[in-house]
Amino acid sequence: MSRVGKIARRTFLVGSAMIAGGVAFGTYLVRSPHANPLLEGLDKGEATFNPWVKISRTGITLITPHADLGQGVASAQALLIAEEMDLEMDQFQVSFGEPAAAYYNRALAEESLPFLATDEGRIAESSRTIVSALLKPLGMQGTGGSSAMSDSFDKLREAGAVARETLKLAASRQTGVAISDLRTEAGAVYLPDGTAVPYTELAEAAAAVEPVTRVRLREPSEWRLIGKPTKRVDMVAKSTGTMTYGIDLAVEGMVYAAIRINPRQGGKLVRYDATEALEMRGVQKLVEITGGIAVIADNTWRAIRAAEAVEIEWGEAPYPAEQAQHWEAVAASFNEDHLDQRWRNDGDVDAVLGASGDVFEAEYRSPYVAHAPLEPLNAIVLVGDEFTDVWTGHQLPQLLQMQVSAITGHTSGNVRFHNQFVGGSFGHRLEIGFVEQAAEIAVQMRGTPVKLTYSREEDFAHDFPRHIAMGRGRGSVANGQVEAVDLSIAAPSVFASQFGRLGYSVPGPDLQIAAGAWNNPYLLPNFRMRAYRAPELAPVSSWRAVGAPGAGFIFDSFLDELIHKAGADPMEERIRLMEHEVSRKVLEAVAEMSSWGGELGSNKGRGVAFVESFGVPFAQVVEVTNTDQGIRIDRVWAACDTGTIIDPANFEGLVQGGIVWALGHAINCEITYADGMAEQSNYHAHQGMRMYQAPEIFVRGLENGHKTRGLGEPMVPPAAPALANAIFAATGKRIREMPFDKHIDFV
Amino acid sequence: MRLTVNRTPYDVDVEPEMPLLWVLRDELGLTGTKYGCGIAQCGACTVHMDGMAVRSCQIPAEAADGAEIVTIEGLGTPEALHAVQQAWIEHQVAQCGYCQSGQIMQAASLLDMNPDPSDEEIDRVMSGNLCRCGTYPRIRAAVKTAGAKMRGA
Ligand code: FES
Ligand code: FES
């Protein structure tokens with residue numbers, strides 16, 4: 001591309017961000033520097049106006065490129081298009097589409113910058129824009145960082161509006177009626193005499209007109225769909241067993257594969273004996289792949305059983321073999337050599353603590369935890385002459401194409417990725433290893449589609465869990481208030497581990513080591529927050545909310561301890577310290593909802609916690625009872641601010657589910673290593689929450705923030721500290737380590 | 001061996017110890033029944049065998065010989081929903097949805113035996129079904145709605 005072209009593109013981007021800031025009089029100029037992937041493979045009589053909308057005589061397809069991991073973004077993305085396009089929710093099909101640069105995720109890039117997400121000042125805003133502009137040409141399409149909604153909110157409404165206006169233009173040309181006399185409703189253009197011309201009938205004519213580029217987005221008061229409870233598009237299929245997940249797909253001529261990979265992750269395959277396995281019924285073949293073997297059979301169970309029958313000698317783990325050594329390595333990282341970043345240095349912590357006669361100190365731990373979504377990892381790969389086809393659910397389509405391309409030898413463009421609905425991810429489907437393994441097997445089976453299904457045990461053994469973290473706090477109180485907080489958190493870098501597996505190094509400090517700790521918008525008079533980077537230990541990856549579940553637990557627990565030392569009320573003192581108005585309202589909401597300060601029954605206790613992550617301020621109150629059999633979690637009140645709420649019904653369900661997730665892991669989940677292997681092999685040893693433990697959960701979403709933000713993750717971080725704080729209130733026992741059942745019984 | 005699934009008889013030729021789960025999924029192509037753990041910990045594989053909710057990952061094929069099996073596909077369809085499925089849609093229960101076939105089969109069996117279960121009974125019977133997405137609050141509500149409908153209340 002010529003230099004001029006590049007500059008023009010970048011200029012456009014800065015311009016478009018200014019428009020998003022509200023400079024352009026409500027008129028959006030819609031242009032994309034990337035080609036519309038729907039133009040390819042368009043049949044005669046089909047029309048597409050942008051990468052998200054395709055219309056033919058027989059139907060309307062909306063492309064929802066963000067992977068649906070269960071959070072309902074397929075529905076939410078379609079709803080945004082339908083809002084402006086005047087479609088009802090049952091008038092279209094949704095498709096994940098093909099990977100394409102046009103589906104670049106702008107919001108993901110923004111959140112990777114080290115600014116307070118609540119800081120919308122000029123410097124932070126312009127830097128977000130710059131990174132966004134630099135990444136856009138790379139065309140990285142991804143789902144993660146709770147970014148799907150912030151990425152989509154304007155973009156998809158624009159796409160819907162463009163489609164609507166273009167259809168009106170086509171109708172106007174066809175009928176001779178002026179555009180201003182046409183209106184649209186429920187999938188049709190209406191003429192002044194009331195005649196309805198369905199969009200599908202206009203497809204052919206619309207295909208011939210140049211898409212309209214100047215559109216006005218509707219005012220919130222005009223919205224029909226946004227902000228109202230909708231029926232998710234996937235709900236009937238998911239309630240009738242008719243949703244086809246990747247694990248359910250069958251491709252003509254397919255064989256079934258199961259793997260055994262060194263459970264000492266990254267270790268070698270030393271030798272194996274497959275004599276017995278190869279004689280088992282239905283077994284066709286054994287192939288070697290990186291770090292292990294795969295067995296091919298004519299059925300999933302036969303493949304898994306045969307793989308288990310292979311006798312294998314594994315090499316050593318490239319990290320310390322025992323869990324205690326991992327903690328020792330983290331504990332030894334609190335020193336200048338390992339200082340990753342000093343995120344905050346407000347006031348004069350050294351002077352205040354030096355002068356205080358009563359410095360309070362405490363240490364906290366957050367363990368390795370598995371993602372373990374209920375659908376085990378799986379992928380189908382077919383290596384043909386010209387193309388490689390991949391069927392699986394994944395959050396990073398372009399990365400998948402690159403990695404598979406390196407294995408099968410086809411160019412990235414000739415790796416055809418068919419994205420699927422998945423049975424949960426929580427970060428697991430950001431990992432690429434399972435797809436690479438399927439490709440390694442398929443390349444040895446050219447021309448035959450191979451379906452790799454992980455056994456649950458293999459899935460646990462290779463989960464790439466959430467990283468461990470340790471926190472050390474020193475602090476003081478004076479006159480009934482928190483006076484100084486000196487917090488240090490040490491952890492291995494998730495991103496170094498995750499990108500390291502792909503051969504990239506990540507420069508600069510790791511934002512996630514102290515995420516959920518340094519960025520909470522409190523105005524503490526003296527606050528130092530240092531992050532220390534521990535050496536890489538077991539391979540780890542992004543677990544729902546990444547750094548904030550660990551660091552948020554450490555920060556909020558320590559703050560709670562100081563507030564109790566000061567003799568202040570946990571809610572009032574947090575509200576007093578909260579500088580950011582949108583966040584303060586979140587705390588006030590949860591106080592009001594829970595009638596904080598009211599009389600509780602005997603043996604009951606309440607805790608509050610506040611953690612901001614991914615730009616979403618989130619507060620929760622947990623109420624527990626200390627029964628004869630242990631702690632019972634009774635009720636939770638949750639309030640947050642995500643800006644505009646797209647679908648309140650899905651919003652409530654997601655928040656409740658995420659809190660159940662977070663509390664369950666805080667109570668009873670950890671991955672520990674012995675002899676270099678994860679000791680937990682299935683759900684009996686890593687349970688999470690079951691129904692009998694699930695509290696009643698009351699949810700309120702405030703809409704004071706002016707950015708629309710997603711909600712895949714931010715409900716997770718405050719739950720564990722709110723529970724620990726509640727247990728302290730009910731029992732006087734302070735728990736400083738997850739999972740809590742190491743220290744106290746639960747009903 | 002011979003088994004009846006959703007009122008259709010099938011002859012299958014498999015190892016006697018192959019779990020019913022895999023007979024259904026890989027031999028008969030009925031993929032609504034899910035594999036989650038293989039060790040009776042998650043309930044994703046729940047089906048009805050001779051009217052009882054069972055974990056199909058724990059039923060060897062030989063034990064299903066001659067049995068009447070009902071899977072999620074046989075409980076109701078998008079066009080003809082079972083009361084439990086209707087309630088699930090009304091309450092918008094599913095997130096990833098992967099556990100929900102098993103949840104629905106377990107709930108249908110519970111309500112078959114007692115269409116008016118107490119909160120404790122719902123919790124007790126449903127606690128063997130894991131939901132990683134944490135949809136328990138809505139499952140509880142949907143079980144009650146379905147029960148009321150089945151009682152004609
Ligand atoms: S797969 Fe049968 S209980 Fe989990
Ligand atoms: S809805 Fe995802 S596991 Fe239950």
Side-chain angles (χ1 to χ4, degrees), chain A residues 68-72 229 231-232 234-245 247-248 250 256 281 298-302 304 372-376 421-426 453 455-457 649-650 653-654 656-661 664 682-684 687-694 696-697, chain B residues 14-15 18-19 21-23 25-27 29-42 44 71-73 75-78 81-82 84-86 88-89 91-101 104 120 122-124 126-140:
Chain A
D68 199 313
L69 317 160
Q71 77 284 50
K231 297 256 183 261
R232 271 171 56 164
D234 50 352
M235 203 53 77
V236 172
K238 286 179 174 177
S239 308
T240 51
T242 52
M243 169 61 76
T244 303
Y245 299 87
I247 202 169
D248 303 326
Y256 299 79
R281 181 171 164 186
D298 61 357
N299 153 314
T300 310
W301 175 75
R302 290 186 182 125
I304 290 176
L374 201 55
E375 179 189 7
F421 273 93
V422 298
S425 170
F426 317 114
T453 305
S455 68
R456 175 55 60 194
E457 287 75 14
N650 193 46
L654 265 184
Q656 290 177 332
I659 289 173
V660 166
W661 161 272
N682 207 320
Y683 294 120
H684 64 287
Q687 291 235 2
M689 187 170 267
R690 301 225 170 230
M691 188 185 280
Y692 74 92
Q693 298 160 310
E696 266 190 286
I697 302 169
Chain B
V14 297
E15 299 85 325
M18 183 185 289
L21 168 67
W22 296 108
V23 176
R25 288 182 55 83
D26 283 8
E27 300 295 313
L30 292 168
T31 54
T33 305
K34 302 301 185 202
Y35 165 58
C37 69
I39 60 163
Q41 285 294 310
C42 76
T71 69
I72 184 79
E73 291 95 339
L75 189 75
T77 63
L81 296 165
H82 183 276
V84 172
Q85 293 169 318
Q86 265 169 28
W88 246 247
I89 293 164
H91 288 272
Q92 296 278 295
V93 172
Q95 287 185 27
C96 85
Y98 194 78
C99 71
Q100 301 297 347
S101 295
I104 288 169
E120 291 69 38
I122 295 174
D123 278 4
R124 186 161 42 76
M126 298 302 297
S127 277
N129 289 71
L130 195 61
C131 176
R132 292 292 286 157
C133 300
T135 62
Y136 305 129
R138 288 192 174 178
I139 292 178
R140 270 188 197 135

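Heavy-atom basis, side chains included; hydrogens, waters and symmetry copies ignored. In what follows, every chain begins at residue 1, and chains take the letters A, B, ... in the order their sequences are listed.
Residue B/Leu130 touches chain A through both its backbone and its side chain, counting heavy-atom pairs closer than 4.5 Å. In this structure, the portions of A/Thr300 lying under 4.5 Å from any heavy atom of chain B include both its backbone and its side chain. Heavy atoms of A/Ala250 lying under 4.5 Å from chain B are absent altogether. With a threshold of 4.5 angstrom between heavy atoms, A/Ile247 approaches chain B through its backbone and through its side chain. Looking at B/Glu120, neither its backbone nor its side chain comes within 4.5 Å of chain A, counting heavy atoms on both sides. If you measure heavy-atom distances from A/Ala372 to chain B, the contacts under 4.5 Å come from both the backbone and the side chain. In this structure, the portion of A/Val422 lying under 4.5 Å from any heavy atom of chain B is its backbone and not its side chain. Only the side chain of B/Pro137 comes within less than 4.5 Å of a heavy atom in chain A; its backbone stays farther off. Residue contact with chain B, scored on non-hydrogen atoms closer than 4.5 Å, is absent for A/Phe421. The part of B/Ala44 that comes within reach of chain A is its side chain, from C-beta onward, which places non-hydrogen atoms under 4.5 angstrom from that chain. For a residue to count as touching a neighbouring chain, one of its non-hydrogen atoms must lie under 4.5 Å from one of that chain's; by this rule B/Ser127 touches chain A with backbone and side chain alike. Using a 4.5 Å cut-off between heavy atoms, A/Ser425 does not touch chain B at all. The part of A/Met243 that comes within reach of chain B is its backbone (N, CA, C, O), which places non-hydrogen atoms under 4.5 angstrom from that chain.
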side-chain contact (heavy atoms from CB on, under 4.5 Å) between B/Asp26 and A/Arg302, worked out: CA-CA 10 Å; B/Asp26 283 8; A/Arg302 290 186 182 125; over 6 Å; no
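The line from SG of B/Cys131 to CG of A/Leu374 is 8.0 Å long, rounded to the nearest 0.5 Å. Residue B/Cys133 holds its SG atom at 9.5 Å from CD of A/Gln71, rounded to the nearest 0.5 Å. Here the CH2-CD distance, from A/Trp301 to B/Glu15, works out to 4.5 Å after rounding to the nearest 0.5 Å. The NE2 atom of B/His91 sits 12.0 Å away from the CE atom of A/Met235 when rounded to the nearest 0.5 Å. With rounding to the nearest 0.5 Å, the separation of NZ in A/Lys238 from SG in B/Cys96 is 6.5 Å. Separation of atoms CG (B/Asp123) and CD (A/Gln693) is listed at 10.0 Å; rounding is to 0.5 Å.
By the 4.5 Å heavy-atom criterion applied to side chains, B/Arg124 and A/Tyr692 are not counted as neighbours. With contacts defined as side-chain heavy-atom distances shorter than 4.5 Å, the pair B/Arg132/A/Tyr683 qualifies. Between B/Arg25 and A/Asp248 the shortest side-chain heavy-atom distance falls below 4.5 Å.
Between chain A and the options B/Gly128, B/Ser101, B/Cys37, the largest number of non-hydrogen pairs under 4.5 Å is found for B/Cys37. Between chain B and the options A/Gly664, A/Gly72, A/Gly653, A/Gly688, the largest number of non-hydrogen pairs under 4.5 Å is found for A/Gly653. Contact count versus chain A (heavy atoms, under 4.5 Å) is highest, among B/Gly76, B/Cys99, B/Gly32, B/Ala94, for B/Ala94. Contacts with chain B were tallied for A/Gln687, A/Arg281, A/Glu696, A/Glu375; A/Arg281 has the most, counting heavy-atom pairs under 4.5 Å. Among B/Gln100, B/Met18, B/Gln86, the residue with the largest count of heavy-atom pairs under 4.5 Å with chain A is B/Met18. The candidate from A/Ser455, A/Pro373, A/Gly658 with the greatest count of non-hydrogen atom pairs under 4.5 Å with chain B is A/Ser455.
When each of B/Ile72, B/Leu81, B/Ile104, B/Val84 is checked for a side-chain contact (heavy atoms from CB on, under 4.5 Å) with A/Ser239, only B/Ile104 meets the rule.
Taking all atoms of both residues into account, the shortest heavy-atom contact from B/Tyr35 to A/Glu457 is OH-OE1, 4.4 Å. Taking both residues in full, the closest heavy atoms of B/Gln92 and A/Arg232 are given as OE1-N, 2.9 Å, listed atom of the first, atom of the second, then distance. Residues B/Tyr98 and A/Pro376 share a closest heavy-atom pair of OH-CD, 3.8 Å. Among all heavy-atom pairs drawn from B/Pro78 and A/Thr242, the shortest one is CG-OG1, 4.1 Å. Across all non-hydrogen atoms, the minimal contact from A/His684 to B/Ile39 is ND1-CD1, 3.6 Å. Looking at every heavy atom in both residues, B/Gln95 comes nearest to A/Leu654 through OE1-CD2, 3.6 Å.
The closest donor-acceptor contact from the side chain of B/Tyr136 to the backbone of A/Met689 lies under 3.5 Å. In this structure, A/Asn299 contributes its side chain and B/Glu27 its backbone to no donor-acceptor pair below 3.5 Å. Looking only at distances, a side-chain donor or acceptor of B/Arg140 sits under 3.5 Å from a matching main-chain atom of A/Ala694.
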